[in-house]
Amino acid sequence: MKTSSLQIARAAYQPKLPKILKNQVKLVEGEKTQSVADQKEIEELFPNTYGMPLLKFEECSENPNFSAINTGVILSGGQAPGGHNVISGLFDGLKHIHKDSKLYGFLMGPGGLVDHKYIELTTEIIDEYRNTGGFDIIGSGRTKLEDPAQFDKGLEILKQLDIKALVIIGGDDSNTNACVLAEYYKAKNAGIQVIGCPKTIDGDLKNDMIETSFGFDTACKVYSELIGNIQRDCNSARKYWHFIKLMGRSASHITLECALQTQPNVCLISEEVETKQQSLDEIVTYIAETVAHRGNHGNNFGTVLIPEGLIEFIPEMRVLMDELNDFLADNDDFSMMDKNKQRDYVISHLSPKNAGVYASLPEGVARQLTLDRDPHGNVQVSLIETEKLLAEMVGVKLQQWAKEGKYKGKFAAMTHFFGYEGRCAAPSNFDADYCYSLGYTASLLIANGKTGYMSSVKNTTEPAEKWVAGGVPTTMMMNMEKRHGAMKPVIQKALVKLDGAPFQTFSIHREQWAKETCYVYPGPIQYFGPTEVCDQPSKTLLLEQGKTI
Ligand code: FBP
């Protein structure tokens, strides 16, 4: 494989570890835990892994004598910068525990475990991937591990390779599955520990114990660079409005972080739309008013940031999508139907109000709403072109206002969708360090015999050497939610809190950003140089931890 100069220089980067992990450590148990909600149901479903204590590593003087331990690792779900560093941290940690420990990577996601597809990860392979983006070291996939037959099939290969622990690197859904698997193997006394690592660019796998999911920092920095470039372009040519949709599934963390970094003219936050129960027309009117105000002052340009999941939060669309989810769950062969007949078929099966809303949508968006859900039952919001829908509707409204003499500007829209551009970027120093530490911590949880835990690294707005490593019981993050038409235990998603510091900071400034041109051009991620330029975490994390930006 040909490597770039940056890749060569980056390979030599030694990720920073919390100081504590450079010494001999012992595990200290904290308080017993309970799930965030639905405690009775979760406890019943996880009798063997419920209520375990929080864990923290502390320095100790004696040298624990661990034996070699074979471990398997799986990358699950969407790519996020830093996945290779979780694996290299895990590898280094396992080798430090005992030089004969082995690490096996299951290929192309959880499916690799079930299908017995794996490779042994050797020093040569690991060294090639240190500090690189992507998940290509072993590939990723979205196979949902939920069926005991899959767990038993996995157990066969784990036994065959003498694997005692499995690390699942994934988002909320994958870590939910990891927890189900941990419970199953523990109930069966199978002798397999399961540890999770918090991954997702979406930033929605976080809580009081997990400060951030890895990949969010890098992905937001990449998108912010691109948005900054577009803003500089539109401030130079002054003739386009750019409607930019950003990945993030249901949560608007990515959009909010990018807004804090770039100061666009408009930024929609799905969670606010839901709280204020804003209709599609109200959202369109809000954008059109900003365009009109700027246009009437000679500024026929601007930027609008749109979270990927917005459509699910608009009340009339939410109600429609809930009914569509049940409709699709009951109509397995819908996707096989003649495409020309699908729209009428849907309309004839929906309740009258939803049928009306569905019928009013442009053909393309209506079709996108009925695409297959992902294996976890999520609507594939990345495939719904909300940015085009809004640009089109704003254009129509402005034409109307022009006829009424309320608007004198010119409106030309460009649409963009940023998601895949950032998911495999070379990890920022923050993500490189954080991921390596998560992987290393996972190895220590394994050595200490733990299962049903997520690796945790806290205090992350301080320099890496002050970070705190430990484990959080995964059941602690769970609640019951409706999936594929049935109630299931799942890790609670963290959405943007409207009373949280990141949103509050944005809302103080947004009126000024709308009217004036206050763009910030963050430029590319800097990997080498002064710490205040290269090692800063996201603004979201800083604000959430009470720091200023
Ligand atoms: P994860 O939750 O698996 O981390 O997914 C992140 C994500 O990038 C979302 O932002 C996006 O909606 C989705 O993956 C796209 O899925 P796919 O990779 O299957 O196209």
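Numbering of residues begins at 1 and proceeds along the displayed sequence. All values derive from a computational prediction rather than experimental measurement. Whatever order the structure lists ligands and atoms in, that order sets their numbers, starting from 1.
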Using modelled atom types and a 3.5 Å cut-off, is there a donor and acceptor pairing between side-chain atoms of N354 and backbone atoms of L350? no
Could you check atom 10 (O) of ligand 1 against the protein and tell me its nearest heavy-atom contact, residue, atom and distance included? D202 OD1, 2.6 Å
Donor-acceptor pair, distance only, cut-off 3.5 Å: does the side chain of E211 make one with the backbone of L541? no
For a side chain to side chain contact (heavy atoms under 4.5 Å, CB included) check, start with the C-alpha distance between F418 and I254, then their side-chain angles and the critical distance, and finish with the verdict. CA-CA 10 Å; F418 295 151; I254 292 182; over 6 Å; no
re atom 2 (O) of ligand 1, the protein heavy-atom contact at minimum distance is R249 NE, 3.2 Å
Just do the ring pair (Phe, Tyr, Trp, His ring centres under 6.0 Å) check on Y184 and F151 with the steps written out, would you? CA-CA 8 Å; Y184 184 82; F151 305 162; 5.0 Å; yes
Just to check, does A80 reach to within less than 4.0 Å of ligand 1 when the distance is taken from its heavy atoms? no
Only residue of D92, N85, T441 satisfying side chain to side chain donor-acceptor pair (under 3.5 Å) with Y436 is D92
Ligand-side contact atoms (ligand 1) for residue partner K199, heavy atom cut-off under 4.0 Å: 1 (P), 3 (O), 4 (O)
Checking the N or O distance criterion of under 3.5 Å, is ligand 1 in contact with G77? no
If we set the cut-off at 4.0 Å for heavy atoms, which region of T200 has an atom near ligand 1: side chain, backbone, both, or neither? both
Which protein heavy atom lies closest to atom 12 (O) of ligand 1, and at what distance to 0.1 Å? E308 OE1, 2.8 Å
Checking Q492 side chain against N479 main chain: does a donor-acceptor pair fall under 3.5 Å? no
Would you say ligand 1 has an N or O under 3.5 Å from any N or O of G248? yes
N/O of S76 under 3.5 Å from N/O of ligand 1, yes or no? no
Looking only at non-hydrogen atoms, find the nearest pair between I549 and K539 and report the distance. CD1-CD, 3.8 Å
Atom 13 (C) of ligand 1: the protein heavy-atom neighbour that sits closest, reported with distance to 0.1 Å: R142 NH2, 3.6 Å
Should you measure from each heavy atom of Y420, which atoms of ligand 1 turn up under 4.0 Å away? 15 (C), 17 (P), 20 (O)
What protein heavy atom sits nearest atom 7 (C) of ligand 1, and how far away is it? R423 NH1, 3.5 Å
Using a 3.5 Å distance criterion without hydrogens, assess whether the side chain of S250 forms a donor-acceptor pair with backbone atoms of G309. no
